[in-house]
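All heavy atoms count here, side chains included; hydrogens, waters and symmetry mates do not.
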Amino acid sequence: MKLALLTFFLLIFFNTGFVQTKKSGNLVVITLDGLRWQELFGGADSLLTFDTSAIYSTSFVQKKYWAATAEERRKKLMPFMWGTIAINGLIAGNRMYGNKVNNANPYWFSYPGYNEIFTGYPDNGVNSNDKIPNPNENVLEHLNKKAAFKGKVAAFGSWDVYSYILNEKRSGFVVNDGFRDLQGKLTDKQVYYNKIQHELPDLFHGSERLDFATFSIGFEYMKVNKPRIIYFGFGDTDEFAHGGLYDFYMDAANNTDQWLQSIWNFIESTPGYAGNTTMIITTDHGRGAAAEGKWKSHGEKTLNSNEIWFAAIGPSISPKGELKTEAQYYQGQIAATIAQILGERFNPVAHKPLESLDLLSK
């Protein structure tokens, strides 16, 4: 009788959600600005790959990224995403299966999207891309206040607005964005990467460096300083899409996939990180449809550009692969999930954030 009662109460305990999510000691967050879910899940878009009026090289896209099926095309575009994360982690947002991820904010462009990712809620007061220090506390700032993470948080972004989005002066952790040199005691490689960012083409007229520079500076910082939390904000996908350069847009996504692999390989081969680090990948907003000629644009006036996606891999993530069940998730759920993965809670005083994602390993 006693054994039966014990079994009964254990079943109640485990089936009512009281088992704690498996924690990670470290976290990497990566965003690909404006990468459409259509390319992530379907690879090269046929309308854009074979557009006879295109200003970009369709022959290049066809040769490098085209294949007969969506599954083949997406693997050509992002082989690490589909060869590793889709097997050992999860990917959400394939609307072909009714699995939806959306902006909760009504604006569907960058600053409001990044605010939602890191603060956990849409704020109608954050409604421009202007360089205004974010009044909202972000989850990285919140964690940096804790003794376990103090001085072990860093962010690297291509766009020169990240320092405002994350409110660098108030937050107190390392933020390196735009064309700013990394400061402090540096290795020879770090000095070199500071220098090379100024020698690369300034394609976006001073507001944004190429992602190669952001990756190089941020990845070397990760190797040298071993932060517990690091964020990479990449922007080439959005800039090349705005320019109508589908070939460059596809290459930018492919390059970032290679950097994801490099970061993950480093994590898995480095004591302290190996088996103890979760990686989250997402985007700030979607884009319009190719069929309507709107793929270059986004924002509240561009239909469906609030359709996004996210992916994750690591010990805190249930290895569910590509999610094919009908569901609705929101960008704002990521902030609480970041805290939960690290064994913390994030409940800003001024706002109630969206609940964390129910996709984590138990």
Side-chain angles (χ1 to χ4, degrees), residues 26-35 110-111 113-115 117-118 131 133-134 138-141 143-144 149 151-187 189-200 202-204 206-239 252-253 255-267 270 273 277-284 334 338:
N26 315 289
L27 184 73
V28 179
V29 181
I30 297 165
T31 55
L32 286 75
D33 197 304
L35 179 68
S110 291
Y111 197 143
Y114 292 121
N115 172 76
I117 289 171
F118 290 109
K131 292 180 178 179
N134 196 337
N138 64 75
V139 66
L140 307 184
E141 173 185 4
L143 293 167
N144 189 58
F149 299 98
K152 299 175 183 177
V153 181
F156 296 84
S158 297
W159 191 31
D160 65 358
V161 185
Y162 283 111
S163 51
Y164 296 88
I165 295 168
L166 298 173
N167 201 328
E168 177 186 16
K169 291 183 179 179
R170 188 192 66 214
S171 296
F173 58 84
V174 171
V175 181
N176 176 270
D177 64 353
F179 286 88
R180 291 195 297 164
D181 290 340
L182 185 64
Q183 301 297 314
K185 186 178 180 180
L186 305 178
T187 66
K189 274 191 175 182
Q190 288 176 311
V191 171
Y192 170 73
Y193 289 136
N194 270 348
K195 178 174 178 288
I196 201 172
Q197 71 173 324
H198 303 291
E199 298 174 353
L200 293 170
D202 182 5
L203 297 181
F204 313 124
S207 65
E208 190 166 329
R209 65 190 171 199
L210 288 169
D211 287 341
F212 170 76
T214 298
F215 168 72
S216 299
I217 294 170
F219 192 35
E220 189 63 20
Y221 181 93
M222 186 179 183
K223 291 177 180 177
V224 172
N225 297 89
K226 306 294 193 303
R228 291 194 62 186
I229 305 169
I230 188 167
Y231 167 57
F232 294 85
F234 297 122
D236 286 356
T237 42
D238 189 63
E239 293 291 349
N255 288 339
T256 306
D257 184 78
Q258 294 178 53
W259 298 333
L260 296 178
Q261 182 174 18
S262 295
I263 293 167
W264 188 247
N265 287 346
F266 173 72
I267 287 169
T270 302
Y273 280 143
T277 303
T278 290
M279 186 162 72
I280 295 175
I281 310 102
T282 189
T283 188
D284 54 334
I334 292 172
I338 287 171

So, do Ser158 and Glu239 sit near enough that their side-chain heavy atoms are less than 4.5 Å apart? no
Nearest non-hydrogen partners of Gln190 and Leu182, listed with the distance: NE2-CD2, 3.6 Å
Centroid-to-centroid, Trp259 to Phe234, below 6.0 Å? yes
Between Phe173 and Ala155 the two heavy atoms that sit nearest each other are CE1-CB, 4.0 Å
If you look at every heavy atom in Ile30 and Met279, which pair is closest and at what distance? CD1-SD, 3.7 Å
Working to the nearest 0.5 Å, report the span between OH of Tyr193 and CD of Glu220. 5.5 Å
If you apply the rule side-chain contact (heavy atoms from CB on, under 4.5 Å), what do you find for Phe118 with Ile334, and how did you get there? CA-CA 7 Å; Phe118 290 109; Ile334 292 172; over 6 Å; no
Decide side-chain contact (heavy atoms from CB on, under 4.5 Å) for Lys226 and Asn26; before the verdict, give the C-alpha distance in whole Å, the side-chain angles of both, and the deciding distance to 0.1 Å. CA-CA 10 Å; Lys226 306 294 193 303; Asn26 315 289; over 6 Å; no
Check step by step if side-chain contact (heavy atoms from CB on, under 4.5 Å) holds for Leu27 and Leu143. CA-CA 11 Å; Leu27 184 73; Leu143 293 167; over 6 Å; no
Going by the angle between their ring planes, with limits at 30° and 60°, are Tyr162 and Trp159 parallel, tilted or perpendicular? perpendicular
Min side-chain heavy-atom separation Phe204-Asp236 under 4.5 Å: yes
How many angstroms lie between CD in Gln261 and CZ in Phe266, if you round to the nearest 0.5 Å? 15.0 Å
Would a 4.5 Å heavy-atom cut-off, applied to side chains only, mark Ile263 and Phe232 as touching? yes
Report the C-alpha separation of Asp160 and Lys131 in whole Å, then their side-chain angles, then the decisive distance to 0.1 Å, and conclude whether the side-chain contact (heavy atoms from CB on, under 4.5 Å) test is met. CA-CA 9 Å; Asp160 65 358; Lys131 292 180 178 179; 2.9 Å; yes
Heavy atoms of Asn115 and Ile165 approach each other most closely as N-CG2, 4.3 Å
Ignoring hydrogens and angles, tell me if any N or O in the side chain of Arg209 forms a donor-acceptor pair with the backbone of Gly157 under 3.5 Å. yes
Under 3.5 Å, side chain of Thr31 to main-chain N/O of Thr282, donor-acceptor pair present? no
For the side chain of Asp211 and the backbone of Phe215, is there at least one donor-acceptor N/O pair under 3.5 Å apart? no
Interatomic spacing from CG in Asp177 to OG in Ser207 - rounded to 0.5 Å: 11.0 Å
Nearest 0.5 angstrom please: Phe219 CZ to Thr214 OG1, how far? 14.5 Å
So, Thr237 side chain and Asp33 main chain: donor-acceptor pair closer than 3.5 Å or not? yes
Start with the C-alpha gap between Asp181 and Gln197, add the side-chain angles, then the distance that decides, and say whether side-chain hydrogen bond (donor to acceptor under 3.5 Å, both in side chains) holds. CA-CA 9 Å; Asp181 290 340; Gln197 71 173 324; 3.0 Å; yes
Say whether, by atom type as modelled, one donor and one acceptor occur between the side chain of Asn167 and the main chain of Ser171 under 3.5 angstrom. no
Please report the interatomic distance CG(Asn144) to CG(Leu140), rounded to the nearest 0.5 Å. 8.5 Å
Atom NZ of Lys223: over 12 foreign heavy atoms under 6.0 Å: yes
Would you indicate whether Phe179, at its atom CZ, is surrounded by more than 12 heavy atoms from other residues, nucleotides or ligands within a distance under 6.0 Å? yes
Minimum heavy-atom distance between Thr283 and Gly34, given as atom pair plus value: OG1-N, 3.0 Å
Mind listing the closest non-hydrogen atom pair of Met222 and Ile230 along with its distance? CB-CD1, 3.9 Å
Euclidean distance, Tyr221 OH relative to Leu186 CG, rounded to 0.5 Å: 10.5 Å
Backbone N/O of Asn134 and side chain of Arg170: donor-acceptor pair under 3.5 Å: yes
Whether Asn138 side chain and Leu166 backbone form a donor-acceptor pair below 3.5 Å: yes
